[in-house]
Amino acid sequence: MKELPKELTAPYNGAATEKTIYDMWEESGYFNPDNLPHVTKDPYTIILPPPNVTGTLHTGHAIMLAIQDTLIRYKRMQGHKTLWLPGTDHAAIATQSVVEKKIQKEEGKTRHDIGREELLRRINEFALDSQLIILSQFRSMGASLDWSRLAFTIDDKRNLAVKTMFKKMYDDGLIYRGSRIVNWDPKGQTTISDDEVVYVEEKTKFYYFKYGPFVIGTARPETKFGDKYVVMHPDDERYKEYTHGQKLTVEWINGPIEATIIKDESVDPEFGTGVMTITPWHSVVDFELAEKYKLDYEQIIDKYGKLLPIAEEFAGMKIKDARDKIVEKLQAKGLVERIEDYTHNIGTAERTGGIVEPQIMKQWFIGVNKEFEHFGKTTTLKKLMIDAVESKNTTIIPDRFEKVYFHWVNNLRDWCISRQIWYGHRIPVWYKGDEMHIGMESPAEDGWAQDEDTLDTWFSSGMWTFSTLGWPNDTIDLKTFHPTDVLETGHDILFFWIARMILFSTYALNEVPFNVAYLHGLVRDKDGKKMSKSIGNVLDPRDLSVKYGTDALRMALMVGNGAGNDLKLGEDKVKAYKLFANKIWNATRFVLERTLDQEVAAQLNEEDESVYKTWREKHADISKDIDEYRLHLASEKLYDYFWHVFCDEIIETRKVRIANNDGKESAQQLLTILLREQIIAIHPFMPFITEEIWKYIKKDSDTMLMVTKW
RNA sequence: GGGCGAUUAGCUCAGUUGGUAGAGCAGCGCAUUUACACUGCGAAGGUCAGAGGUUCGAAUCCUCUAUUGCCCACCA
């Protein structure tokens, strides 16, 4: 008679076994789809959303890894040629500012003191070191990523892809350089895209000034120096005596100016006095009006947020300081009608917190409404983005986000892609006098200078599904694994990233980047608050995983976490799944103990056969849940069946039969099969403990659990 | 201003196509030479936010209201 393995008599200790098991998986080579034994089904691909190199593992990453690893392990066990490709993101502005701050603190120098080349060298060094930390943390979550294909958004291969894309889009007339209004961040000294602007509420004053016969309202007196257009609604009865294009002289801040009347429907007669003056250089709405009527533009505020010479006595002053002084002057001239309290939203830069100042600047743009020839059809990038989702070639889960997506795409304006920071893919354009060269490298002759700017970080991340697979080269990986199956990420980057990936992939490859975009909810603390360092309610997944085991943490993140809904996570929940791990361990020991004398596989009797059938039905149900991305249900059902059906009912009743020798062989066989099949089924969710148990229950002919047939 | 969610037991949430309301945690009672006190069994706890409608039948579908959260736009 066999004996119970010694290891099983001790309680399960996750922290002690996880590292050994992960090493065993990694050494097996099975993370790489090219090494998988018994591939019987189609390729299955997930490209990991690349974390910022500067980051450390947080609960958001932990959720993403848990969900994706579960899907990947499930498909791998089913016999798919399964690829999960890892990488990291250079996160241009974020990374550069981390390193700049470090240099400032340690050496008291700015980026201009040490120069472009040296700064980039230091950032690279920092990025490579930092990347190792987060990657090792990803391993500790049990992530079965193919490390042999590791990519970085700014390595040489990705740089080739970026340059190739830029040139291709330029040649198609989709990328252009132009003077347009952009979001300028005076603090970060760079442009940012519309999506990087976050609005915060500000309490301020709203001023009513006399402007000739009119009273105009403004919250920004400091921009008003050059205002020579006064706009009102064409149907506004109060101003019917004035006609479009009429000119009149008005007394203004620095003396009289000639004002022109513009009648336009965009003016809301209900707001303020129904009359406004416009500043096209520093307002998006005003800029659009100026474009429409071909008006003059004049810059009032410089890159540093200071007033220009047009402000005369106020020139050189900062906006904040100038505002009150300007109002004083107007007051002295008797031009202030009244001042009210006012609450409105102001745009700030997501990364630096600087107050965004719209400016007209010469920048590079991607034209989303420009028609071009695309695989034999005339289309626009916007249409491609709509079609991909409308045709269901890409499905967004949960589907309510599809509406949000359409709304966003329909209102999309040209995307400003140039950034005035140093860390990033440098724009592949060279200038010599009036000549311009777009290509992979500088022309051979002397005198060509490359564009100083870099590309928006989302330009390179937008190409992530195929740049990681070797594009623009015609690689086997690209043919095999693209379009990818699932893109799994938080719903907070639907626009930033998902939309851009659809844009680039449909444009360059004429295929969607992924068949399914699965959006998980964001993690909140047990009271529903956002986790943040300043509130001090952050749960560190690394602590939880050491304390309760990675399997427990993964289950806690999975159960009850339906697509698109935020997940509240408290430590108790993780603890509950540690108990589950313990339950699995004990049940295994017990089943092994009671089946030590089992020689051969016995036939199940009628009663046991029907119990087994219920399990098979449950199993099919769970498979369907996973196939349809209801991982929160699948995980809960596995938990419930194992604990409350298998342990509480089946084991309890069969142990009596085994003791009494009443249908003993059938009972033993039932326990053996159910344990085995459940360990297999639970593996994608709790990979460590199941792989460990597998060592003691597997047959001699079995391979390791991660490649055992589901 | 526009859009999208959420509201179910004390707490956290499930509830896949409409068919007698579920779990975990907490609390209560009972059991114990026990695979597991990191256990088991049991009881208790809910007019499924409110009102109206569709239906043989509604937590589920429709309309309105309330509370709450998020996203988008941004108005000088």
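Within every chain, numbering begins at 1; the chains are lettered A, B, ... in the order of the sequence lines, protein sequences first and strands thereafter.
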* **Verdict with reasoning, A:Arg654 to A:Glu649, per salt bridge (charged side-chain N to carboxylate O under 4.0 Å, His left out)** => CA-CA 8 Å; A:Arg654 268 59 187 182; A:Glu649 290 172 24; over 6 Å; no

Among [options], the nucleotide that comes nearest once only the side chain of [X] is considered:
| X | options | result |
| --- | --- | --- |
| A:His407 | B:rU39, B:rC72, B:rA73 | B:rC72 |
| A:Arg630 | B:rU16, B:rC75, B:rG40 | B:rU16 |
| A:Ala576 | B:rA35, B:rG24, B:rU16 | B:rG24 |
| A:Arg400 | B:rA23, B:rG5, B:rC75 | B:rG5 |
| A:Leu579 | B:rA14, B:rU39, B:rC75 | B:rU39 |
| A:Trp643 | B:rC74, B:rU39, B:rC4 | B:rU39 |
| A:Tyr639 | B:rG24, B:rC74, B:rG5 | B:rG24 |
| A:Arg413 | B:rC74, B:rA35, B:rC71 | B:rC74 |
| A:Tyr342 | B:rG15, B:rC71, B:rC75 | B:rC75 |
| A:His644 | B:rG15, B:rA76, B:rG24 | B:rG24 |

* Please determine if A:Arg676 forms a cation-pi arrangement with A:Trp694, meaning its NZ or CZ atom is less than 6.0 Å from the six-membered ring centre and no more than 45° off the ring axis. =>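 No, cation not above the ring by the 6.0 Å, 45° rule.
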
Please confirm whether the ring centroid of [X] lies under 6.0 Å from the ring centroid of [Y].
| X | Y | result |
| --- | --- | --- |
| A:Tyr207 | A:Tyr342 | no |
| A:Tyr405 | A:His407 | no |
| A:Tyr639 | A:Tyr641 | no |
| A:Tyr293 | A:Tyr229 | no |

Which whole number of Å gives the distance between the [atom1] atom of [N] and that of [M]?
| N | M | atom1 | value |
| --- | --- | --- | --- |
| B:rG18 | B:rU55 | C1' | 9 Å |
| B:rG27 | B:rG10 | C1' | 9 Å |
| B:rG5 | B:rC75 | P | 28 Å |
| B:rG40 | B:rU17 | P | 32 Å |
| B:rA6 | B:rC48 | C1' | 14 Å |
| B:rA59 | B:rU20 | C1' | 13 Å |
| B:rA49 | B:rU7 | C1' | 6 Å |
| B:rG45 | B:rG50 | C1' | 22 Å |

Check the distance between [N]'s [atom2] and [X]'s [atom1] and give it to me in whole angstrom.
| X | N | atom1 | atom2 | value |
| --- | --- | --- | --- | --- |
| A:Asp227 | B:rA76 | CG | P | 14 Å |
| A:Leu519 | B:rC71 | CG | P | 14 Å |
| A:Leu289 | B:rC75 | CG | P | 12 Å |
| A:Asn411 | B:rC71 | CG | P | 18 Å |
| A:His344 | B:rC74 | NE2 | P | 14 Å |
| A:Lys575 | B:rA26 | NZ | C1' | 12 Å |
| A:Lys573 | B:rA26 | NZ | P | 15 Å |
| A:Asp640 | B:rA23 | CG | P | 9 Å |

Would you mind classifying the nucleic acid contact of [X] as base, sugar-phosphate or nothing, using non-hydrogen atoms under 4.0 angstrom?
| X | answer |
| --- | --- |
| A:Glu652 | base |
| A:Thr279 | nothing |
| A:Asp648 | sugar-phosphate |
| A:His632 | sugar-phosphate |
| A:Val267 | base |
| A:Lys578 | nothing |
| A:Phe401 | nothing |

* Of A:Ile651 and A:Trp408, the one whose closest RNA chain B nucleotide lies more 5' ->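 With A:Ile651 and A:Trp408 compared, the 5'-side residue is A:Ile651.
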
* To do: For A:Thr223 and for A:Lys637, locate the closest nucleotide of RNA chain B by heavy-atom distance; then report the residue assigned to the nucleotide nearer the 5' terminus.
  => A:Lys637

* To do: Fit a plane to each ring of A:Tyr74 and A:Trp710, take the angle between them on a 0 to 90° scale, and name the class: parallel (under 30°), tilted (30 to 60°) or perpendicular (over 60°).
  =>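 Rings of A:Tyr74 and A:Trp710: perpendicular, as their planes differ by over 60°.
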
* Mind checking whether A:Phe580 and A:Tyr577 have parallel, tilted or perpendicular rings, split at 30° and 60°? -> perpendicular

Across all strands, who's sitting opposite [N] as a Watson-Crick or G-U wobble pair, both distances under 3.5 Å?
| N | result |
| --- | --- |
| B:rC13 | B:rG22 |
| B:rG42 | B:rC28 |
| B:rC61 | B:rG53 |
| B:rU7 | B:rA66 |

